[in-house]
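Computed from a predicted structure; not experimentally measured.
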Amino acid sequence: MTAVSAPADPAAAPARGPRAPSPTSVLVRLKLSLLRNGLRQSSGRATAYVTSAVFTLICAAGLLLGLVLLRGHDHAGALVVPAAALLALGWAVMPLFFSAGDETLDPTRLVMLPLRPRPLVGALLVTSLIGVGPLFTLCVLVGSAVATAHGTAAIAVSVVAVPLTLLVCVALARAVATANVRLLSSRKGRDLAVLSGLVIAVGVQVVNFGAQRLGNAGGLSALVPVADVLRWLPPASAIGAVGSVSEGAYVRAAVQLLLAAGALAALLYGWQRALVKLMTAPDSSTIAASGPARRESTAGAGLARLLPDGRTGAAVRRTLRYVWRDPKTKGAWVTSLAIGLIVPLFNALQGTGTIYFACFAAGMLGIQMYNQFGQDTSAFWMVSLTISSTRDAYLELRARALALLVITLPYSALVTTATAALLGDWRALPEALGLSFALLGAMLATGAVSSARFPYSIPQDSGYKNVAPGQAGLAWISIFGGMLGAALICAPVLALTLWIHASDAEGWSWLLLPLGTVYGVLAALGGLRLAAPQTASRLPEILAAVSKG
């Protein structure tokens with residue numbers, strides 16, 4: 001006889017466990033916890049973060065007010081559409097080089113978790129909307145919508161267009177960052193990353209000079225041809241749809257909104273595919289190539305014979321090796337070298353520049369003195385073991401400054417001479433060189449002090465993060481505070497330059513070269529002397545800060 005099983009009793013079925021929380025809520029709480037705990041670590045870090053956030057929000061409020069006041073202008077749409085396109089461009093390229101992301105936005109940290117790509121994309125997208133950057137973008141987009149929305153229909157479209165544009169910007173940033181994680185973090189792909197940084201630097205300057213030329217052409221009406229093109233490119237097309245509805249072009253507005261929505265869908269799909277590849281496929285750049293290994297060239301090998309023995313020579317060679325071998329350090333240097341050359345030369349070629357723009361080269365390279373210990377990351381503990389006195393700290397800082405001067409001095413002189421040749425202004429070459437050298441010395445001084453007072457970590461486990469979580473405000477205060485201090489230090493040399501030209505004593509302008517050089521040397525030595533005791537006394541704090549990432 002065949003036994004027939006009785007139907008299962010629903011009451012006797014085992015009770016299900018609690019439903020797992022959605023990844024979105026988990027990642028949102030994780031990001032808020034990371035932010036809160038980062039601010040609790042020190043009062044200085046909290047002050048730096050709050051200060052930078054307040055400054056950003058003040059700028060956002062100013063832009064919002066300015067765009068609202070633009071309401072009713074005949075060519076308001078010619079401004080807000082290119083502004084939306086520039087915001088999208090900024091979201092695409094800035095996270096690769098100035099990102100202050102956190103672990104919730106780094107997909108490589110989620111590889112071992114049982115997460116499906118589609119829910120993970122949605123969770124990361126929502127998490128990316130938390131921060132000062134998205135709030136700044138939202139303020140600009142709301143102001144753009146207010147400036148161009150006229151009528152009930154336009155207002156209704158703007159309610160859709162504003163969040164759609166923001167989502168496209170955020171998705172674009174995350175998709176680009178995810179696609180470039182292995183490129184920027186792999187040793188084999190570092191040269192391509194440096195090349196991409198150079199291309200982006202050139203592109204940003206081209207956009208900058210194009211905006212200057214359009215601005216000189218006469219008001220917002222000069223932007224109308226540009227806006228007519230950009231209004232069909234997402235996500236600027238969504239903002240353009242608001243203006244189209246205000247003009248009664250409903251079909252055109254619908255097409256523009258569909259273009260933005262299609263771009264968002266394509267970005268999410270590409271982001272999901274990049275996540276799947278990143279979290280499942282092996283990194284081919286780390287697989288050893290077949291064949292005999294080639295010995296890597298040593299940076300500064302020829303220079304090593306000219307350096308003295310002892311701490312100074314070793315520190316100089318170590319710093320130059322970072323410039324040559326470390327992908328992030330190399331990328332920062334190449335970008336600074338490119339922008340420092342492009343700004344004065346492009347202005348000279350356009351006939352709108354002066355030889356004093358050549359000081360931009362010294363300023364860009366002087367930034368490399370900031371956060372000297374952060375580039376060592378956790379390896380700084382080996383350097384800290386050799387610093388037992390103020391004298392040791394002074395020698396270490398002086399050697400790092402000398403390593404920078406090996407590159408910055410001839411480069412600044414070359415850029416200044418090339419600018420003078422393009423402008424035909426050889427008479428002003430000595431004073432421009434003097435100002436450049438004075439600025440370079442001032443930035444070495446403030447960079448040394450900033451490295452001791454505001455160190456921060458440069459994470460090495462992520463290809464698109466240049467600042468450890470919770471240290472973004474500290475980094476901005478370090479860099480911009482140091483640049484402001486350098487400008488104040490250079491004020492006497494600048495005042496002397498202005499006095500010479502105002503008093504018609506230009507025949508003595510050649511004195512600015514030796515005076516500026518000596519002043520720069522004295523400023524750099526003074527800054528190193530001031531930073532040495534702070535470095536020696538704050539070694540534990542510096543080590544903890546630079547090892548955070």
Cut-off 3.5 Å, no hydrogens considered: what does the side-chain donor-acceptor table look like for residues 400-409, sequence neighbours left out?
{"from": "R400", "atom 1": "NE", "to": "E396", "atom 2": "OE2", "distance (Å)": "2.7"}
{"from": "R400", "atom 1": "NH1", "to": "Q372", "atom 2": "O", "distance (Å)": "3.0"}
{"from": "R400", "atom 1": "NH2", "to": "D376", "atom 2": "OD2", "distance (Å)": "2.6"}
{"from": "R400", "atom 1": "NH2", "to": "E396", "atom 2": "OE2", "distance (Å)": "3.1"}
{"from": "T408", "atom 1": "OG1", "to": "L404", "atom 2": "O", "distance (Å)": "2.8"}

Counting C-beta onward and ignoring hydrogens, is there a side-chain heavy-atom pair between [X] and [Y] closer than 4.5 Å?
X	Y	result
R311	T386	yes
R453	S478	no
W499	L496	yes
L494	Y356	no
F360	I339	yes
V343	M364	no
S384	I542	no

Which atom of [X] lies closest to which atom of [Y], heavy atoms considered:
X	Y	value
A361	G340	CB-O, 3.6 Å
A88	C169	CA-SG, 3.9 Å
G482	T446	O-OG1, 3.3 Å
S436	A362	O-CB, 3.6 Å
V493	A438	CG2-CB, 4.1 Å
A442	C490	CB-SG, 3.6 Å

The criterion is side chain to side chain donor-acceptor pair (under 3.5 Å); which residues satisfy it with Y411, sequence neighbours excluded?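 If we apply the side chain to side chain donor-acceptor pair (under 3.5 Å) test to Y411, skipping adjacent residues, there are no hits.
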T419: what forms a side chain to side chain donor-acceptor pair (under 3.5 Å) with it, not counting sequence neighbours?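 Testing T419 for side chain to side chain donor-acceptor pair (under 3.5 Å), a comparison that skips the adjacent residues, returns none.
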Rounded distance (nearest 0.5 Å) linking atom [atom1] of [X] with atom [atom2] of [Y]:
X	Y	atom1	atom2	answer
I58	L63	CD1	CG	12.0 Å
L320	W333	CG	CH2	8.5 Å
L67	L79	CG	CG	6.5 Å
E541	T535	CD	OG1	11.5 Å
L435	C359	CG	SG	5.0 Å
L543	I387	CG	CD1	10.5 Å

Could you check whether any side-chain N or O of [X] sits under 3.5 Å from a backbone N or O of [Y], counting only pairs where one atom can act as donor and the other as acceptor?
X	Y	value
D425	I355	no
S451	M369	yes
T416	A413	no

Can you pull out every ring-ring contact (aromatic ring centres under 6.0 Å, His included) where at least one residue sits in residues 361-384? Sequence neighbours excluded, please. F373-F380
Side-chain donor/acceptor pairs under 3.5 Å, residues 129-144, sequence neighbours excluded:
{"from": "T137", "atom 1": "OG1", "to": "W91", "atom 2": "NE1", "distance (Å)": "2.8"}
{"from": "T137", "atom 1": "OG1", "to": "G133", "atom 2": "O", "distance (Å)": "3.1"}
{"from": "S144", "atom 1": "OG", "to": "V140", "atom 2": "O", "distance (Å)": "2.8"}

Evaluate F55 against I477 for side chain to side chain contact (heavy atoms under 4.5 Å, CB included), listing each step before the verdict. CA-CA 11 Å; F55 177 77; I477 292 295; over 6 Å; no
What side-chain donor-acceptor pairs closer than 3.5 Å can you find for residues 512-529, not counting sequence neighbours?
{"from": "T517", "atom 1": "OG1", "to": "L513", "atom 2": "O", "distance (Å)": "2.7"}
{"from": "Y519", "atom 1": "OH", "to": "I489", "atom 2": "O", "distance (Å)": "2.5"}

